[in-house]
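Values in this document were obtained by computation on a predicted structure and should not be read as measured data.
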Amino acid sequence: NSLWLGWVPLAYGMIGIALGIFEGTFLSVITPLGPLTKSWAIMGFPASFFIVNVFLGSLKAAFDVPIALSFWYVTLAVAIGIPAFMHIAPHDTKHDGKSYKQAGLCGSIADW
């Protein structure tokens, strides 16, 4: 256990770098899905970060809730989110003349 306070800005700085890299890449990948999808992603990612790190972390501090509860919450949210996404996501990839299919690795390298 370290009592050095410098871990706090270091940890949050590294999280900020990771989120900045991930979110920019994520938004560029979902751009073909339209502006509404992008706006939900822009709002959803910070909201989920807040829920997991601030809200559930506060429960740990205030009520001594086991940290494993946070992991179970995320597991449950993903288990609910995957079928919801599969139901809502476009299935017909050619209904508007655009293709939403993920490009394969070999095709991407060939295009590059």
If every non-hydrogen atom of A41 is compared with every non-hydrogen atom of P46, which pair is closest and at what distance? O-CD, 4.4 Å
I need the minimum non-hydrogen distance between I21 and T25, along with the two atoms involved. O-OG1, 2.9 Å
Please round to the nearest 0.5 Å and tell me the distance separating atom OH of Y73 and atom CZ of F55. 9.0 Å
Exceeds 12 heavy-atom contacts within 6.0 angstrom, atom CG of L5: no
Joint hydrophobic cluster, M43 plus V29, side-chain heavy atoms closer than 4.5 Å: no
When every non-hydrogen atom of V78 is compared with those of P83, the smallest separation belongs to O-CD, 4.5 Å
W40, I42: one ILVMFWY side-chain cluster at the under-4.5 Å cut-off? no
More than 12 heavy atoms from other groups under 6.0 Å of CH2 on W4: yes
Same cluster (ILVMFWY, side-chain, under 4.5 Å), Y12 and I51: no
Is it the case that one hydrophobic cluster holds both I15 and F26, taking links as side-chain heavy atoms less than 4.5 Å apart, direct or via other members? yes
With rounding to the nearest 0.5 Å, note down the distance linking NZ in K38 to CD1 in I30. 7.5 Å
Do F71 and L59 share a hydrophobic cluster, counting only Ile, Leu, Val, Met, Phe, Trp and Tyr and linking them when any side-chain heavy atoms are less than 4.5 Å apart? no
In Å and rounded to the nearest 0.5 Å, what is the CD1 to OG1 distance from I80 to T75? 11.0 Å
In Å, rounded to the nearest 0.5 Å, how long is the span from CG of N53 to OG of S70? 8.5 Å
Mind checking the NZ-CG spacing from K60 to L69? Nearest 0.5 Å is all I need. 11.0 Å
